[in-house]
Structures are given as C-alpha cells and as structure tokens.
Amino acid sequence: MDRTTQGSTALGRRTLLGGAAALTGAAMLPRRAGAQARTAPITIVINQSPWLDSFRRSIELYERETGARVELDVNPFAGSLEKQRNSVRASRGTTDLLIMNSTWFAEMYFGGFVEPIHAMDPGFRLDPEVYTLGDSIYFDADAKTLTPRGKLMSLPIAPIVPLTYYRGDLYRENGIEGAPLTFQQLEANAKRLHRPPRMVGIVQRGARGPASVSYDFYSYLYGFGGSVFRNQAANDYTVTLNAPEGRAALEYYLRLARECGHPRTAALEQAEVIQNYVTGRAAHMITVVAAWSQVEDRERSAVADRTEFAPPPSLPGLPTAPPLGHWLAGVSRNVPDERKRAAVQFLNWFQTPAAQIAYARGGGLPIHAAAYRDAMADERRYRWMKPLGVALEKSVNIFQFPEAAEVVAVLELGLNRAVAGEITAVAALNEMATQIHAVMAARGYRTALLEPLR
Amino acid sequence: MSLATGTGAALAVPAQRVRPADPDALWRWAALSPALLLMLGLGLLPVLNLVALGFFDVHWAEGQSELRFVGTAHYAALAKDPLFGSAILNTVVFAIGAVAGQMGLGFALALLCSKATRGRTFWRAVFILPVLLPGIVIGAMWKLMMNPDFGAIAQLLDLFGLPPVDWLGNARLALFSVVLVDIWHWTPFCFLLFLAGLEALPRDVYEAAKVDGASTWQELRYVTLPLMWPTIAVTFVFRLVLAFKVFDEVYLLTGGGPGTATEVVSFTIYLRFFTQDRAGYGAAMSVAVIFLIFLMLAAAAATRRRVQPA
C-alpha cells in the first residue's frame, strides 16, 4: 500500500512535470499536431508508375492540410503485387491501403482481403461524380460480380486508359485534318507518315510481359466490336476472342505493325514505345494517358507541344473502347481499426473536387468529373483531359474475375507469337481461345468455345 | 576400420583388442546434432513442403487459404503446358551453349594469365570484373547495348556500314544473345577456378615434359588437361547447375520472348507461381525441375567416375 502510495506520489510528480512540459510544447507546435495525434499513420503500398510523382504531391498536400502521416511503399509493378499478397495473407497486414491494378483487384476482392468501406465508416459518401470505372469499385460477394448492388470496396486512384497520341505538327504539315478516330483513318494517316528508318507510322507494344501486348491489343479488339468473353457481368464466360471481330482486329493490328509499324514491334515494351515516340521516331502511339507528362516534358521530349490526343479509334458506328488499366485504392482487412479509419479518411479527402483539381495540376489523372469540366481542361497543357473524359465514359473493364492473370498470360504469349510472325492471326486466336477456355473450365466458370476460325 | 587397410600389420591385430566403440562418439554427435538438425530443417523442410504443395490447389476466400487435394493432376498438366516444354528445351540449349563457351574461354584466359610474367594481378582483376556485377546491372547494361535503335553495338555496326541487328527481338537470335551475355557474365567464374587449379599443378611434371622435348600442344594435351581434369569436372557441374537456374538475365533482357524463344524453366516457374499465383502447380513444376537437376548431377557424377581413371 505504501509502495503504491509512494509510487503514486512519485508518478504524480512526474506526470505533473511531464504534463507541464507537454502543454508548453503543445502551445509551441502548429495546429496540425493535434490532428496528427488523432489520426493514425498509414502505409500505402504503390507501384512505380508515371503518375507516382503526382500522387506523392497529393499525399504531401494531404499531410499539410490534415497533419496526418502517410508513408509510401513504392515497388515495381510485379513487386507491388507480391508485397500486397504477402501483407494481406499474413495474420496482421503491414500495409493499410492497397493500390491495386485492374489485373489483380478482383483477386483481392474475391479473396476477402479488402474491407468494404462502409464497414469502416458507415457515413462514407461516394461523390456521385467520381468515375466508377466499369463499376470495378463495387463487389457483390454473393453473386461474385462487380456491380453497384454490391459493397463499395475501393476508390479509383488513377483512371488509366490508353489514348491515341499523334503528331499534330506532322498532320498540319501533311494537310491531314482531324483526329484519327476510326481505324481506317489511323491506318491511312500512319501509312502516310511512315518514312522508315527515320520515322514509323505507328509504334505498338508487342512484347510479352505481365500485361503488355495484350493491353495494347484490347483497344483494337473492343474497338472492332470483339471481346474476350461474351458477358462476364452475367457470368457467361463463353470465349469470344476468336470471333470474326477478333480476327479482324488482330489482322489489322498485325498489318499496322508490318506495313507502317516499328520493325521490332514484337520486342517493344511500354517504355520503349514511349521512348520511340518522345524521340520523334513515331507519328502515332496508342498508350496510357499517364505518359502525357513524359511526352510534354520539354527537357526530355522532342515532341513536346507537337502532340495531340484522341480517344482510341474504333469502327464507324461503334464507340471507342479503351481498356481500363486503372488503379484502385482499397483498405486491407487485416490491419488495426484505427489505421483502417485513417485510410478511409484519406480516401474521403482524395475524392473531393478540390483535391482532384490539385492532383491534376500536379500531373495526376483526376477521378472526379468536376476536374474535367474545370477551366484547366481548356488550357493547352491539359489538352489530354477532354479526350480522356470521353474515353473514360466508354472504358471497358476487361476482366472481372480473380484468375485474370492466367488468361492474360495466355494472351501475352499468343499475341506476341503472332506479332513476331511465329504463327498466323487465325492460329493464334484459335489457340488462345482453347487455352482460355481450359483455364475457365478448370476454375468452374460457365464457359464455352466458338467454332474455330478457318 | 583399421582392419580394412589391407596391411599385414593391421591384419595381425587380434579382433578382441579392437575398441568396440569410440566413447566420445556419442558426445560428438550430441554436440553436432543441433547444427545438423538446423541444416536438415532448413534444407529439407522447404523441399518437403514444396513436394506436398504440389498435390494441392490453393485458393483464397474470406482472407483464408483453402487447400484442395488434386493428386497428381498438376504433374499430368505439366506435359500439356505449352510453356514448360519450350522452357525445358531452351534451358538445355542455353545451359550447354553457355557452359561450353564459359569453360572454353575461361580455360584459355586462365592459361594465358598463368603464363603471364608481368601484370598478372591486373589481368586477374580485369577478368573477374563481370562476375562481381549484380544481375540487374548486367541486364540493364546489355539491354541498352543491344538496342538496335540506339545501342552501342548498333552504333559500332553503323561505323562499318552494317545494318543494326535486333539481338533480343528476333526469335532466331534472342536465345543466342542471352547465351552471349551469360558467357560474358560467368566466364570469370570458370577463369578463377581454372587459374587456381593451374597454379596448383606440380612444376616438376612440366620440367620433365620439357626434358622429354614435349611441344606446347603436347604439354597441354598430355600434362595440363589430365591433371586439370578434377577441376574441370567440378567447374562443369557447378556451372551447369547454375546455368540451369538462369533467371535474371532472361527476365531483364527478353522476358522469355519473343514468343517462347527464350523461355527458361526458372522464368516459367516464376510466372506460374507468382504472376499467376498458382502455388500448387508452381510447386509441382519446381519439384519436376529439382528432379531433372538431380538426374543431371547423377549423370555428371557417373561420367566423372567413368572418365577419371583414364
């Protein structure tokens, strides 16, 4: 008892002294320290992408405005997925906010690794002008589909879709009018500007990678009215890749590569495609909108201010159909509650129009329609915004199931072999369709095959 | 054991005088056992785990893993895997090409260096430089050099009026190019082992050969090569196993393409295991490759036993 009393007395003195010091310190600190004490620090696992710097600037703005602390754990594309898998599969996660790519967010939803946002913050209100990107931010766990009837799982961070980049200066010099909005226009213009070896009409991404040539090809496939599966939303996984539309798309893709493309198309990755374009060796490229900052960087690009942007082409009468290669932010289920709440607090801030306009000014790709209506979208520097707004409206979420990586691997190999000239378009499509059907059948999906192309 | 020496003296030792057991043996085993258990645990458990995993499919739901027994289905599927067959073939071609090049070059360089009378330390340092570089640096460096648009090799060819060569994008050249990079990377390893072997050879045999009037070729053929045989065999096995495991160069230079031209087994396992998250199938593939490496080592050991007495 005495010991307790003595202890209490001693503690009381220390508390008193400590409290006085803390009060003095608190009076000297800026106001944000109070917020910092209330909000748990969070870790965001993210990939090294062209839009990373702009996201980092947004984080810095968030920290300044709220006093919260955010740590970015930056990894290469494949490394980011590995880190996320390791974290979410552990008994206690090491990363709070997962920045998930379109190729693996379904794996995280279906695996039960992402906490629905309203489970952490029932009062969270998704701004109705935030792009839902093929409804990929929702998940109905019972129906196993991505639909607004399900729960809100994530918020878009980077609405990545491809755009057509074309040399406006060369168009003017050669008397070519209008953007290449149809495949016919793109082919004609690319052929007209094709002057090898100094300049190729178009540079395409034909290499095999985690999601390389397949991502390049989706714009063509869907723009021709084709698809990989018949209707994923209705759980109909009939493989339609080798339909006549798919054949027309692949034959067109190969013809472009052969007749007005880069001689090494089969070996070109995204970085090399952009490199060829920014060094002025290509008149067109269809690549992710995030590359705009590289293209417009006067210190690194020979084509800064000479480039115009358009949504990817399509057949007359069909809409543009850019594939989503977007990034979503979801909160990991296996982290402490206070960190979950802190992560949701960040998402809530990030979706505001003010934060989105600041994000765009910092080089980011806004996820809020208000940013695309803002006066900045009329500035020459941000001339990609309007085509992007159009493209986002028509964007296609290519895969809506967790085994997408297996299907992508089949597409990568088959398409790369076709581009390299190892096999014909018809053989490639039939082969890929058979393999994709096998993957889906083995996983128990309702699937079927079309008659092989001849 | 001394009874088995075959000497008359040893045979004369009466059996009852042989100590039945070393009283310290138990203590020695007890002292060693923690380390042995640790070594066995670290070496065997992961392999056993891999073997077991190869009979299951792994799925995730509600944040928990679900294991479903599939028997030998994964092993049966290997035969139909379009990548696995190409990968095995390419890996064998790669390993034979790369190891042959490295051993030939490494031996030649070691011979030259062992005969150098001046600057031996300098040459040794120069020759071992590539093996000290990290794989990521080598991949980046050679990818840039082999780029036909602006790479150093293309510029060099241009000086002679030759067109650029698509080293990594041409299906007929890609594997050859990766082999070249691997030869550049790992020749120093062979060089070091061969040089150490050459410097340890007895000088008197060479002096005797000289007295007998042996030419340089005869000296190499009848003195150096037979004496170096154990070193050559060990280097060959080391390099063959390492070449079979090649990953970083393929990952960085070609990503297995174009098509399947440079697909190798380690890369296929990586794709199936990690990119596609097929842990069970990836495990089965890994076990199959481990088995192949064991076969290869057994064949190498048998060859060594057959050839060594000659």
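In what follows, chains carry the letters A, B, and so on, assigned in the order in which the sequence lines appear, proteins first and then strands, with residues in each chain numbered from 1.
- Here the closest non-hydrogen pair linking A:R85 and B:Q276 is NH2-C, 4.4 Å.
- Looking at heavy atoms from C-beta onward, B:D149 lies in side-chain contact with A:H262 at the 4.5 angstrom threshold.
- For residues 167-190 of chain B, heavy-atom neighbours of chain A at less than 4.5 Å comprise B:G169, B:A171, sorted by residue number.
- For A:N276, the part sitting under 4.5 Å from any heavy atom of chain B is the side chain, from C-beta outward, and nothing else.
- Judged by distance alone, with hydrogens and angles left aside, the side-chain atoms of A:R208 form no donor-acceptor pair with the main-chain N or O of B:P258 at under 3.5 Å.
- Taken from CD in B:E62 to CZ in A:F110, the straight-line distance is 12.5 Å, to the nearest 0.5 Å.
- With a 4.5 angstrom heavy-atom cutoff, A:A207 does not touch chain B via any of its atoms.
- Contact check for B:K80 versus A:Q435: no side-chain heavy atoms found under the 4.5 Å cut-off.
- A donor-acceptor pair under 3.5 Å is formed between the side chain of A:N416 and the backbone N or O of B:G259.
- Only the side chain of A:E422 comes within less than 4.5 Å of a heavy atom of chain B; its backbone N, CA, C and O stay farther away.
- The candidate with the highest count of non-hydrogen atom pairs below 4.5 Å against chain B, out of A:E403, A:R333, A:R281, is A:R281.
- The side-chain heavy atoms of A:R264 and B:N147, taken from C-beta on, include a pair separated by under 4.5 Å.
- Within 6.0 Å of atom CZ in A:R300, 12 or fewer heavy atoms from other residues, nucleotides or ligands are found, so the atom counts as exposed in its surroundings.
- Annotation: B:I136, atom CD1; neighbour count of heavy atoms from other residues, nucleotides and ligands within 6.0 Å does not exceed 12.
- Taking B:S65, B:G63, B:G257 one by one and counting their heavy-atom pairs under 4.5 Å with chain A, the maximum is reached by B:G63.
- Chain A forms the most heavy-atom pairs under 4.5 Å with one residue out of B:L83, B:T275, B:D277, and that residue is B:D277.
- Interface check for chain B: of the options A:E431, A:E107, A:E406, A:R417, the most heavy-atom pairs under 4.5 Å are formed by A:E406.
- Of the two parts of B:T260, the backbone and the side chain both hold a non-hydrogen atom closer than 4.5 Å to a non-hydrogen atom of chain A.
- With respect to B:K143 and A:E269, no salt bridge is recorded, no charged nitrogen being found less than 4.0 Å from a carboxylate O.
- Within 6.0 Å of atom CZ in B:F294, 12 or fewer heavy atoms from other residues, nucleotides or ligands are found, so the atom counts as exposed in its surroundings.
- Residues B:F150 and A:Q275 have side chains in contact (heavy-atom distance under 4.5 Å, counting atoms from C-beta outward).
- Within 6.0 Å of the CZ atom in B:F84, the count of heavy atoms belonging to other residues, nucleotides or ligands exceeds 12.
- Going from atom CD of A:E82 over to atom CZ of B:F274 covers 6.0 Å, rounded to the nearest 0.5 Å.
- Contact annotation for B:E66: neither backbone nor side-chain heavy atoms come within less than 4.5 Å of a heavy atom of chain A.
- For A:E272, the part lying near chain B is the side chain, with the backbone staying farther off; criterion is any non-hydrogen pair under 4.5 Å.
- Only the side chain of B:F267 comes within contact range of chain A, with at least one heavy atom under 4.5 Å from a heavy atom of that chain.
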